[in-house]
Amino acid sequence: MRVRIWGCRGSVPTPGPQTVRCGGNTSCIEISLDDGTVFVLDAGTGIRELGNQLAENGVKHVHLMLTHLHLDHLEGLRFFAPLFDPESTIDLWGPRSPVVTLKERIRRSFSPPLFPIDLMDTPGRVNFHELPKTQWRIGEARLIASLIVHPGPTVGYRIEADGSSVAYIPDHEPALTGDFARRSRDWISGGSIAEDVDLLLHDAQYFEEEYDGRLGWGHSSVDSAMAYADAVGARRVVLFHHDPTHSDETMERLEAEARSLGSNTHDPPIVAREGMVLELPSR
Amino acid sequence: MATARSKHLVLILARELASNLATPTLIADAEGTLVFFNDAAEEIVGRGFSEIGEMPMDEFSASFTPRTRNHAPLADERRPTRIALEERRAAHEQLWVLSRDGVDRQVAITAFPLFAEADEFVGIVGIFWRE
């Protein structure tokens, strides 16, 4: 299993000289399996360049897994090359809503005054799938999606394939559920997807002192992210969803802060950087 | 997949809400298992949740020998928690209970179902009101 980060910025794209090393594109991850299956996790602005790469490599079928429909996880979809290729198929998976279907919610972002082209007029084939409530399979991969603490219907994903596992929880505020680190894992938000996972990509948008003024915004401090990683037994942690005000230098301080917290993960935590490739060996 | 099944997020959030309430509150999951009651409920239950742990809701309710205001046995189908679990609607009842500490208490119970997404029943909340 190969994980590549195409965008790891939170909230809004932040291009510019201050964010060259971590990158300014919003959330998008590519997971490639040995059997050729391609998963794309979230459709932030990072998906635009990924789409170009997929086209160049002749990939005609992808599974696009959306965690939720906040703009920083959806805004790149309108510029995703496979959507405009009549030979491409996108299986698009996303959380259910109590009121409106996934397809209708996504169509809104393809309508005036936001965008000139209706989603139904794009030549690529899109199959919409509201997420199953239990684990399911796609090819050789086993997947599970679980609702997690974040405003609006939001899920995290776990993908197991090629003898390893990855959990993707880019927007998450488990601190709202109290002292989760002292709870059994079945009482931890997203516990079933992150438990004993080989690689956890998790929200760490803030320093602890920043979090105090942003309680309830749906994101974690680095302290909370590391406590979460320990509580679920993650082996390796990549800190994700960087605050738009954080420069590369600030992110280096955040990474140092994470490492100083004395986590039980096997490898030191790292902050996500655009272009980063993580190879997960079979265990 | 080697992972344990997590409680539904709605139950996790309900537990956190209950933990911060001064009103005695219990939570049961969709299968009818009592999964939590808060510290405020200890006075009525007579013991803390950590001493009792998860158990079938029917068994938990029956242990209080619930009775009507006239001290007649309360039929199972009139228990608010049973109604919320089986009929998936809100229910309210005034009754007498014999707590595990041996004290007879007059309480009212309001129970209501919890639905997630459009149609997914995930459990119930029961609230005790001291009469």
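Every heavy atom of this structure was used, including side-chain atoms; hydrogens, water molecules and symmetry mates were not. Owing to the predicted nature of the structure, the values given are computational and were not obtained by experimental measurement. Every chain is numbered from 1 and lettered A, B, ... according to where its sequence line falls, protein lines coming before strand lines.
- Heavy atoms closer than 4.5 Å to chain A are found nowhere in B:V10, neither backbone nor side chain.
- Counted within 6.0 Å of CZ on B:R47, heavy atoms from surrounding residues, nucleotides or ligands total more than 12; the atom is thus considered enclosed.
- Other residues, nucleotides and ligands contribute at most 12 non-hydrogen atoms within 6.0 Å of the NZ atom of A:K103.
- Annotation: the span from A:S189 atom OG to B:H8 atom NE2 amounts to 11.0 Å, rounded to 0.5 Å.
- Of all residues spanning residues 12-23 of chain B, those with a heavy atom less than 4.5 Å away from chain A's heavy atoms are B:I12, B:L13, B:R15, B:E16, arranged by number.
- Both the backbone and the side chain of A:V149 come within contact range of chain B, judged by heavy atoms closer than 4.5 Å.
- Contacts between A:S146 and chain B at a heavy-atom distance below 4.5 Å are absent for every atom of the residue.
- Annotation: A:E140, atom CD; neighbour count of heavy atoms from other residues, nucleotides and ligands within 6.0 Å does not exceed 12.
- Heavy atoms only, all atoms of each residue included: B:S6 and A:S192 are closest at OG-N, 2.8 Å.
- Taken to the nearest 0.5 Å, the CD atom of B:E120 stands 7.5 Å off from the CG atom of A:L147.
- The neighbour count for A:R182 CZ, taken as heavy atoms of other residues, nucleotides or ligands under 6.0 Å away, does not exceed 12.
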